[in-house]
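See structure below.
So that the names make sense, note that chain A is the first sequence line, chain B the second, and so on, each numbered from 1.
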2 protein chains.
Amino acid sequence: MRTDDTSGPAEQPPSTGQEHELPAVVQRLWGDTAPRRRGPKPALSAARIVRAAMELADAEGLAAVSMARVAEAVGYTPMALYRHVSGKEELLILMSDAVAADLPEIPAGADWRAGLEAWTRAQIDMALTRPWMLDLPLSATPPGPNRVRWMDQAFGVMREVDLPADEKLAVVGLLAQHVLGEARVHVETHRAAVHKVRRDAGLPDDTPESELDPAAIHAADPYADFEVVLGRYAGPDTYPHIFASFASWSGPAVDGPGDDDIAFGISVVLDGLEAYLRRRGAITPQSS
Amino acid sequence: MRTDDTSGPAEQPPSTGQEHELPAVVQRLWGDTAPRRRGPKPALSAARIVRAAMELADAEGLAAVSMARVAEAVGYTPMALYRHVSGKEELLILMSDAVAADLPEIPAGADWRAGLEAWTRAQIDMALTRPWMLDLPLSATPPGPNRVRWMDQAFGVMREVDLPADEKLAVVGLLAQHVLGEARVHVETHRAAVHKVRRDAGLPDDTPESELDPAAIHAADPYADFEVVLGRYAGPDTYPHIFASFASWSGPAVDGPGDDDIAFGISVVLDGLEAYLRRRGAITPQSS
DNA sequence: CGTTTTAGTGTGCGCCGTAAACAGTATGTG
DNA sequence: CACATACTGTTTACGGCGCACACTAAAACG
């Protein structure tokens, strides 16, 4: 994280045409690379490195993505990576944009609400397919071309919503935020279940999930743990309201929830957004 | 030691003391420690370790919390910590509960909506005060006494909402999820601003924020970066809808947003929840 | 051609989390 | 009382991490 090229005050020589030189990460993100003039042709490339890193993350999780492992995967020395990527942080940033390469298909005739729902679900699905996405420390991540494409798609869905650009941005931001939250809850619940199954089976913590009984994972209920813990350590005097609420509870409803907790969150947020849009006069009253 | 008791339903034999031994982390979380009978009195304690770790995180961020640094802070060898905490993971789990020690005050007369809003805001404020909270890898974290206290408070606020316990749990979960998302956005925006100021000033990346110009940080506008990047690399042909929306945009509204983006998210979610509660007949029509 | 720029390698440093063997101390029990 | 036992904190060491730095080899320019 040293690597700050300039010694002294960061002053760019005002030499060439483009003033203001964007940060190197941003340039790399947008494929803005100066053409090479001398030296051996590069055999490696940032794209290949990123692809290898993603395959590693898919297979073994983000923790397995170390510079050494990635280098091994592409068949080079660890230090070779640094010719194409400024460091691990940049590699992760490139991954976080590359993961958003595929745009979802959204039905052409969808109105704003159906469109945004499809958009949100697609993004949640993507996160569940590549859970390591949620482990990326995405702080201070500049926007890359793929993420912006998703944004553009959302703006397209809201084509007929009469709202200033910055408010549309806030709407998209809120949905994106919900996506991450929802996905995180699911992924973490799943991980907890896997963890528990491993523990119960007495297997080491690095046993890959593929060697575990899927049925057992599915059956591992985090709420049951919660109840056990409360039962052991707490009582109505310590947590009166929780106990009161659960005392008058007849058990889970007959219609199993299944994936519907995702639907719950989305519908609440969209209902809230609809109220907001109506209040702002951004949609016609009969819309949706 | 852990028979694989998958056979048979989860039935609690009404037998003697504790069967079923909860995981050590959970026991430690709830202060369930067997009394010591022999050996020297411990000079260290898990509580002291956790406190030191939190002070370190407050001062220098979660990345500064290493076993060595924490040990140094409490004045012991790194390995001494392992007598009180099973490893770093457990330390982080203890921190994540300890951080929720202080309950917010919620006005007594508040109805469900005002109450939940206060609850949510308090939690967002807490996260902004201790941003490292969001860096905790909270996967598979069992609930601790402090977090459950927050939950109980939320259940208390919803005292008069007529909803089954599991649905109330879903409501609390949705709000908690929103809290994390909202806080994360703010913290990351802030970090990006700090990062940018440091870069522009040519300072090394590990310069503490306290040595930076607060005004410059406040002025660093992430949206401006966004516009610059789009202006440089993209055009109406690549992202038609975004450009269309921003083309017919008159600039930010006069009434500055200030902290109101927090209000936006909360109001949307609460509006959505209100619609949900009404649909379920959980609140009286004139309520709120 | 020599010069210069670049791609990938080899070595090594300082940090990390933690396993294992150990010394010292308080509490059992005879 | 002495001794066994259980417990705390230390020492030492290991493998892994990200990455700085000095190097060799290769391609393109003058």
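Taking atom CZ on A:Arg36 and atom P on D:dC29, their separation rounds to 14 Å, with Å as the unit. The distance between atom OH of A:Tyr76 and atom P of C:dT9, rounded to the nearest whole Å, is 7 Å. Rounded to an integer number of Å, the gap from A:Leu92 CG to D:dC17 P is 14 Å. The OH atom of B:Tyr82 sits 6 Å away from the P atom of C:dG17 (whole-angstrom rounding). Note: CG (A:Leu44) to P (C:dT6) measures 17 Å, nearest angstrom. Computed from coordinates, the B:Glu72 CD to D:dG9 P distance equals 18 Å when rounded to whole Å. Computed from coordinates, the B:Leu62 CG to C:dC16 P distance equals 13 Å when rounded to whole Å.
Taking the six-membered ring for Trp and thresholds of 30 and 60 degrees, B:Tyr233 and A:Trp30 have nearly parallel ring planes, at less than 30 degrees apart.
The side chain of A:Pro40 approaches D:dA26 more closely than any other nucleotide in the set D:dA26, D:dA6, C:dG8. Here the nucleotide nearest the side chain of A:Lys41, chosen from D:dA28, C:dA26, C:dA7, is D:dA28. Checking C:dT25, C:dA7, C:dC16 against the side-chain heavy atoms of A:Pro42 singles out C:dA7 as nearest. Considering only side-chain atoms of A:Ser66, the nucleotide from C:dT6, D:dA6, D:dG18 that sits closest is D:dG18.
Along DNA chain C, the nucleotide nearest to B:Met79 and the one nearest to A:Pro35 differ in position, and the one closer to the 5' end is contacted by A:Pro35.
Proximity of B:Thr77 to the phosphate of D:dG9: no side-chain N or O atom is located under 4.0 Å from OP1 or OP2.
Residue B:Arg37 places no side-chain atom within donor-acceptor reach of the base of C:dT27, judged by atom type and a 3.5 Å distance cut-off alone. With hydrogens and angles ignored, a donor-acceptor pair under 3.5 angstrom links the side chain of A:Arg83 to the base of C:dG8.
Summarising the local packing, CG of A:Asp102 is surrounded by 12 or fewer heavy atoms from other residues, nucleotides or ligands at distances under 6.0 Å.
Between B:Arg198 and B:Glu209 there is no salt bridge, since no side-chain nitrogen of the basic residue lies less than 4.0 Å from a carboxylate oxygen of the acidic one. Using a 4.0 Å cut-off between a side-chain N of Lys or Arg and a carboxylate O of Asp or Glu, A:Asp97 and A:Arg28 do not qualify as a salt bridge.
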Report task. Step by step, work out the salt bridge (Lys or Arg N to Asp or Glu O under 4.0 Å) result for A:Asp135 and A:Arg191. Result -> CA-CA 13 Å; A:Asp135 300 325; A:Arg191 283 178 183 160; 2.9 Å; yes
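Using a 4.0 Å heavy-atom cutoff across all strands shown, A:Met67 reaches sugar-phosphate atoms only and no base atom.
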